[in-house]
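Presented below is the structure to which this report refers.
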Amino acid sequence: GNAQTVRNDNSSRFGKFIELELNNVCRLVGSRCRTYLLEKSRVVGQDAGERNYHIFYQMLASSPEMREKIGLANAGWTRDTMRYTKLGASKTDHIEGKHDGECFEHTVAALALVAV
């Protein structure tokens, strides 16, 4: 849920609201955690120098084998043709010092560790 802004290359787009339930002697008896989307307008458009969620660019930069596996085998599907990467004023494709394809491999490996 992170994206690049002009100030930060790993800006979160989500917030958390945690509700704690206490009994009459102030002992924790339950809790709830809700995730909500911040800055919904940034999902559909970015300012110059920003980019949308990292995962979109990472998927597009993955290996041809991985793109086939995740349903992005069409080589014509690029940053400039995909809906959420072509929006807004920004044409920022990468983050200096990071490789999106490698980051996606790390994401896939991390999800595999928790059986997702």
How long is the gap from CD on Glu68 to CG on Asn74, to the nearest 0.5 Å?
10.5 Å
Can Leu111 be reached from Met66 by stepping across I, L, V, M, F, W or Y side chains whose heavy atoms are under 4.5 Å apart?
no
Could you walk me through whether His54 and Lys98 pass the side-chain contact (heavy atoms from CB on, under 4.5 Å) test, one step at a time?
CA-CA 11 Å; His54 295 314; Lys98 295 188 179 183; over 6 Å; no
Within the structure provided, determine whether Glu19 and Arg34 are in side-chain contact (heavy-atom separation under 4.5 Å).
yes
Taking Arg67 for the side chain and Leu72 for the main chain, is one N or O donor matched with an acceptor at less than 3.5 Å?
yes
Might you point out which heavy atoms bring Gln58 and Cys103 nearest each other, and give the distance in Å?
NE2-CB, 3.4 Å
Are Thr107 and Ile55 side-chain neighbours, meaning at least one heavy-atom pair lies under 4.5 Å?
yes
Shortest non-hydrogen contact from Ile70 toward Ser62
CD1-OG, 4.3 Å
Distance in Å, His99 NE2 paired with Phe104 CZ, rounded so as to fall on 0.5 Å steps
13.0 Å
With a 4.5 Å heavy-atom cut-off, do Leu28 and Leu20 have their side chains touching?
yes
Can you confirm whether Asp100 sits close enough to Phe56 that some side-chain heavy atom of one is under 4.5 Å from a side-chain heavy atom of the other?
no
Is there side-chain contact between Met82 and Leu60, with at least one heavy-atom pair below 4.5 Å?
yes
